[in-house]
Undergrad: 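Quick one: structure below, then a few questions.
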Amino acid sequence: MSAVASVVTRFAPSPTGFLHIGGARTALFSYLYARRHGGRYLLRIEDTDRERSTDEAVRAIFDGLDWLGLVSDVEPVFQTQRFDRYREVIEGMLEAGTAYHCYCTKEELDQMRAAQMARKEKPRYDGRWRPEPGKVLPERPEGVQPVVRFKNPLSGEVLVDDMIKGPISFQNEELDDLIIARGDGTPTYNFCVVVDDMDMDITHVVRGDDHVNNTPRQINILKALGAEPPAYAHVPMILGADGVKLSKRHGAVGVIEYRALGFLPEALLNYLVRLGWSHGDQELFSRQEMVELFDISRVQKAPARFDMEKAVWVNHQYLKSADPVHVAPEFDWHLRRVGVDPAHGPALAAVIEAQRERCKTLVEMTEKSKFFYAELEGYNEKDAAKHLTAEGGAVLDALRERLEVLPQWTAPALHEAVNGFAEGRGLGLGKVAQPIRVAVAGMAISPPIDQTLFLLGRERTLARLAAAVSYCRGPGAQP
RNA sequence: GCUCCUAUCGUCUAGAGGCCUAGGACGGAGCCCUCUCAAGGCUUAAACCCGGGUUCGAAUCCCGGUAGGAGCGCCA
């Protein structure tokens, strides 16, 4: 094998909720970086907080990742299954003197913090239990389960050469001795991350930039463990349209919600990859192109706002160019979601092809295509008032007779019939097509009329025309 | 408060000292096309946070301000 260490990245969510849109982008960047360099992309579930972690959240995260196609190259790692390993490392550090017991109570620490804040200092542990040569430690209090703290270097600096942000330096004096094991012996986040990244041979850590301040601490622990720190890439977060941190009140923040909103997974990925990253003027990238062109050093340093309008535009581009057969299962999912069974009616791919230029999302497509598969729930009021008039009824009646005897139910034949009919009556096509639309689709919006009727089929078309004719004659008719 | 980070049209971005009269995309406005809705075509408005340097020359480099963000837990 080559002596050059191959790239290994990881995405490490904590299962306290669904997969966030920002998390999805981090996962995508992590995945792309690995693929771009022929490396591996791994998944790690950071569930050490048993209070807040749930199986449901784990499932939600897997669902989101599955939908986006960002699945781990190997079996995901769960931190809760590695407690023995963490304990072992902590024991080792205690023995080596790179960690020590601290008997401060939570109350004591709270007081310490409060006093420091009052003095306008950065709150931090004062090192009262930190062993030093010649130093006399306080007397061990009764009944206090000690925590384990990492013995952070007191001086010098830690330089993080971030792949996105560039060099960032931290003074060790600013860092305090963080807790790596709680009173009950369970390890804490910053410690688990370090041990896992080390054990998993992670070469490149791609994560949200809310972690930059954790990085020097992690590097120090890694060094204390004799491990080579990985390279870091801190990706800025995604903001809501108002420039404020994305939250529920901005609408959809969970990846899976975008499925319900009618997005195609590859479209969402495309939008996400362009959010904070670019390759010249190119807007659309296939998965293959993303992998080939993605350059993490070109990721923007500043946070970006999520723009639903543009995301929808990207989705529309995908809807328009994707293979309809590939889109069909998602479309099926949406139709069933609103209680429409697409089994009886035109092929989904054919409807997708007919509708896609007028539908930016699958939700929109579903709304505008239900009439192909389900009975009309009534006419759109405005459209009916405008087109299903007495006059419109007469047109529909005559047309229905003509279509009834049409020998071949094909789009060209229908085109011929409808156009010929309009011409014969000296009417503009609009005068004929619009009433037909409302009659068969329930609204004045549909694909070109010949395609619409062809897809709908002879039986349904004739029945709906007949129903519309009687509607026009009924009490709802206009004079 | 302290530490760290950031700053180009409304939004996403191009821009590596002269190619910038600052380009593209979304969104906006207008026109064309049209059986509806769209799609498409064309046109158009719209930005270098501020102030100092460095330089013949700065959106680009440096410093300072301002504004925004993140972190400062026995949370992750």
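Owing to the predicted nature of the structure, the values given are computational and were not obtained by experimental measurement. Just so you know, these numbers use all the heavy atoms, side chains as well, and skip hydrogens, waters and symmetry mates.
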Undergrad: Is the phosphate of B/rC4, meaning OP1 or OP2, less than 4.0 Å from a side-chain N or O of A/Ser169?
TA: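 No, because none of the side-chain N or O atoms of A/Ser169 sits under 4.0 Å from OP1 or OP2 of B/rC4.
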Undergrad: Need one value for A/Pro13: base, sugar-phosphate or nothing, where a base atom within 4.0 Å counts as base even if backbone is also close, heavy atoms only.
TA: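 If one applies the 4.0 Å heavy-atom cut-off, A/Pro13 turns out to touch nothing in the nucleic acid.
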Undergrad: Taking the six-membered ring for Trp, are the ring centroids of A/Phe294 and A/Phe29 within less than 6.0 Å of each other?
TA: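 Centroid separation for A/Phe294 and A/Phe29: below 6.0 Å.
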Undergrad: Can you tell me if the side-chain N/O atoms of A/Lys320 get under 4.0 Å from OP1 or OP2 in B/rG40?
TA: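 For B/rG40, OP1/OP2 do have a side-chain N/O of A/Lys320 under 4.0 Å.
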Undergrad: Determine whether any donor atom in the side chain of A/Asp281 lies under 3.5 Å from an acceptor atom in the base of B/rG23, or the reverse, and answer yes or no.
TA: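 Flag set: donor-acceptor pair detected.
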Undergrad: Taking only side-chain N and O atoms of A/Ser278, does any of them lie within less than 4.0 angstrom of OP1 or OP2 on B/rA14?
TA: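 The answer is yes; a side-chain N or O of A/Ser278 sits under 4.0 Å from OP1 or OP2.
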Undergrad: Can you tell me if A/Arg113 touches the phosphate of B/rG73, counting only side-chain N or O atoms and a distance under 4.0 Å to OP1 or OP2?
TA: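 Result: yes.
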Undergrad: For the residue pair A/Arg44 and A/Phe11, would you count it as a cation-pi contact if the rule is NZ or CZ under 6.0 angstrom from the ring centre and within 45 degrees of the ring axis?
TA: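 No, A/Arg44 does not lie over the aromatic ring of A/Phe11.
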Undergrad: Salt bridge (Lys or Arg N to Asp or Glu O under 4.0 Å) for A/Asp383 and A/Lys386? Distances and angles first, verdict last.
TA: CA-CA 5 Å; A/Asp383 293 341; A/Lys386 187 166 179 191; over 6 Å; no
Undergrad: According to a strict under-4.0 Å criterion, is A/Gln300 in side-chain N/O contact with OP1 or OP2 of B/rA14?
TA: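 Yes, because at least one side-chain N or O of A/Gln300 sits under 4.0 Å from OP1 or OP2 of B/rA14.
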Undergrad: Please determine if a side-chain N or O atom of A/Lys360 lies less than 4.0 Å away from the OP1 or OP2 oxygen of B/rA39.
TA: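 Looking at the OP1 and OP2 atoms of B/rA39, one of them is under 4.0 Å from a side-chain N or O of A/Lys360.
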Undergrad: Tell me whether the OP1 or OP2 atom of B/rA16 has a side-chain N or O from A/Arg298 closer than 4.0 Å.
TA: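 No, outside the criterion.
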Undergrad: Name the nucleic acid region contacted by A/Asn214, choosing base, sugar-phosphate or nothing; use a 4.0 angstrom heavy-atom cut-off, strictly under.
TA: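 Base, at least one base atom sits under 4.0 Å.
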Undergrad: Using a heavy-atom cut-off of under 4.0 Å over every strand shown, decide if A/Phe306 touches base, sugar-phosphate, or nothing.
TA: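 Since no nucleic acid heavy atom lies under 4.0 Å of A/Phe306, the category is nothing.
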Undergrad: Quick one: closest heavy-atom pair of A/Glu353 and A/Arg356, and the distance?
TA: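 Shortest heavy-atom separation between A/Glu353 and A/Arg356 comes out as O-CG, 3.8 Å.
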